[in-house]
Amino acid sequence: MHLLKETGWRFWWIVLLVLVADQLSKIWVIQNFTLGESIQLLPVFNFTYARNYGAAFSFLGDAGGWQRWLFTAIAIVVTCVLSIWLSRLQRTQLKLSLALVLIIAGAIGNLIDRSLYGYVVDFLHVYYQQWHYPIFNIADCAITIGAGLLIWDSFSSEDEQTQTRTN
């Protein structure tokens with residue numbers, strides 16, 4: 001119990017919250033949309049059902065199937081490494097703890113998709129006129145926000161970290 005209260009592990013509830021939101025949203029999209037179907041919500045934002053057989057920006061999406069296992073293995077390794085790192089963080093390292101749990105949640109969310117379907121379910125579609133950002137999902141959002149927090153934390157001054165630890 002001490003491990004949960006005094007380390008970054010006390011934020012695992014966020015992993016569960018993001019996973020539930022991610023998986024429920026993907027199930028809803030699968031049940032209510034046909035592949036490629038799109039509904040405009042805003043002039044620059046649609047719900048569009050897409051399947052991503054690759055990684056970010058469909059990297060290796062047309063590689064023939066072996067990439068599924070590569071990205072599955074990477075997600076498992078990343079989740080294990082970040083979970084160990086999270087268990088070693090001090091209670092006061094809030095930004096870093098949040099960064100790691102968001103990345104873990106996103107990795108697990110997309111890992112579940114690859115395991116169940118062989119692809120990642122995407123549906124958030126941002127665009128402007130002829131420009132289209134690659135379609136993504138809640139797990140991708142969690143990874144992106146977590147990575148941003150991780151970068152921000154890496155630039156935090158030593159004084160800020162020391163001050164946080166003494167408070």
Side-chain angles (χ1 to χ4, degrees), residues 4 8-83 85-87 94-153:
L4 291 175
W9 275 69
R10 72 184 192 283
F11 293 110
W12 263 93
W13 64 270
I14 295 172
V15 172
L16 296 176
L17 184 70
V18 171
L19 275 176
V20 167
D22 178 63
Q23 291 302 301
L24 287 178
S25 65
K26 290 172 179 176
I27 290 168
W28 181 81
V29 168
I30 290 169
Q31 291 178 347
N32 292 287
F33 286 72
T34 58
L35 184 61
E37 183 179 357
S38 187
I39 295 176
Q40 184 177 31
L41 299 176
L42 298 171
V44 295
F45 180 69
N46 290 354
F47 264 26
T48 303
Y49 178 23
R51 295 175 180 169
N52 184 354
Y53 292 89
F57 305 105
S58 295
F59 175 68
L60 294 177
D62 57 357
W66 61 266
Q67 73 278 17
R68 172 185 182 186
W69 306 112
L70 172 67
F71 297 133
T72 296
I74 289 170
I76 291 168
V77 169
V78 165
T79 298
C80 291
V81 168
L82 295 184
S83 296
W85 186 5
L86 191 62
S87 74
L94 300 177
K95 196 182 329 165
L96 184 53
S97 295
L98 185 57
L100 297 182
V101 297
L102 288 173
I103 294 169
I104 290 167
I108 294 172
N110 286 338
L111 171 65
I112 291 170
D113 285 15
R114 282 197 179 86
S115 299
L116 293 178
Y117 313 118
Y119 52 83
V120 173
V121 175
D122 288 330
F123 56 91
L124 301 172
H125 182 192
V126 176
Y127 61 93
Y128 181 72
Q129 295 177 355
Q130 299 305 313
W131 175 85
H132 293 263
Y133 191 78
I135 302 169
F136 56 100
N137 59 44
I138 292 173
D140 298 333
C141 293
I143 292 169
T144 302
I145 293 167
L149 285 170
L150 190 62
I151 292 167
W152 181 19
D153 183 73

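The model shown is predicted, which means the values in this text are computed figures rather than measured ones.
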Q.
Once rounded to the nearest 0.5 Å, what's the spacing between atom CG of Leu98 and atom CG of Leu150?
A. 11.0 Å
**Q.** Interatomic distance, Ile76 atom CD1 to Arg114 atom CZ [nearest 0.5 angstrom]
**A.** 11.0 Å
Q) Does the Asp22 side chain pair with the main chain of Ala139, one donor and one acceptor, at a distance under 3.5 Å? A) yes
Q: Kindly state each residue pair satisfying side chain to side chain donor-acceptor pair (under 3.5 Å) with at least one member in residues 98-110, sequence neighbours excluded.
A: Lys26-Asn110, Asn110-Asn137, Asn110-Asp140
Residues 99-108, side-chain donor-acceptor partners within the protein, below 3.5 Å, at least two apart:
none

Q.
Could you measure the distance from the NE2 atom of His125 to the CD1 atom of Ile135? Nearest 0.5 Å is fine.
A. 5.0 Å
Q: Grab the two heavy atoms, one from Thr79 and one from Ala75, that are nearest each other, plus how far apart they are.
A: OG1-O, 2.8 Å
Q. Nearest heavy-atom pair of Ser25 and Phe123: which atoms, and what distance?
A. OG-CZ, 3.3 Å
(Q) Using 0.5 Å steps for rounding, measure from the CG atom of Leu124 to the CZ atom of Phe136. (A) 5.0 Å
Q: For Tyr127 and Leu42, work out which heavy atoms get closest and say how close.
A: OH-O, 3.6 Å
Q) Ring centroid separation for Tyr119 and Tyr53, is it under 6.0 angstrom? A) yes
**Q.** Nearest heavy atoms of Val18 and Ala142, plus distance in Å
**A.** CG1-CB, 3.9 Å
Q. Does CH2 in Trp131 sit with more than 12 non-hydrogen atoms of other residues, nucleotides or ligands closer than 6.0 Å?
A. yes
(Q) Rounded at 0.5 Å granularity, tell me how far CG in Leu19 sits from CD1 in Ile14. (A) 12.0 Å
Q | Close side-chain approach of Ile30 and Tyr49, heavy atoms under 4.5 Å | A | yes
**Q.** Distance, nearest 0.5 Å, that separates CG of Asn46 from CD1 of Ile39
**A.** 9.0 Å
**Q.** Partners meeting side chain to side chain contact (heavy atoms under 4.5 Å, CB included) with Thr144 (sequence neighbours left out)
**A.** none
Q) Between Ile138 and Gln23, is any pair of side-chain heavy atoms under 4.5 Å apart? A) no
Q: Go through the steps to decide whether Tyr128 and Tyr133 satisfy the test side-chain contact (heavy atoms from CB on, under 4.5 Å), and finish with yes or no.
A: CA-CA 9 Å; Tyr128 181 72; Tyr133 191 78; over 6 Å; no
Q. Is the shortest heavy-atom distance from the side chain of Trp85 to the side chain of Leu96 under 4.5 Å?
A. yes
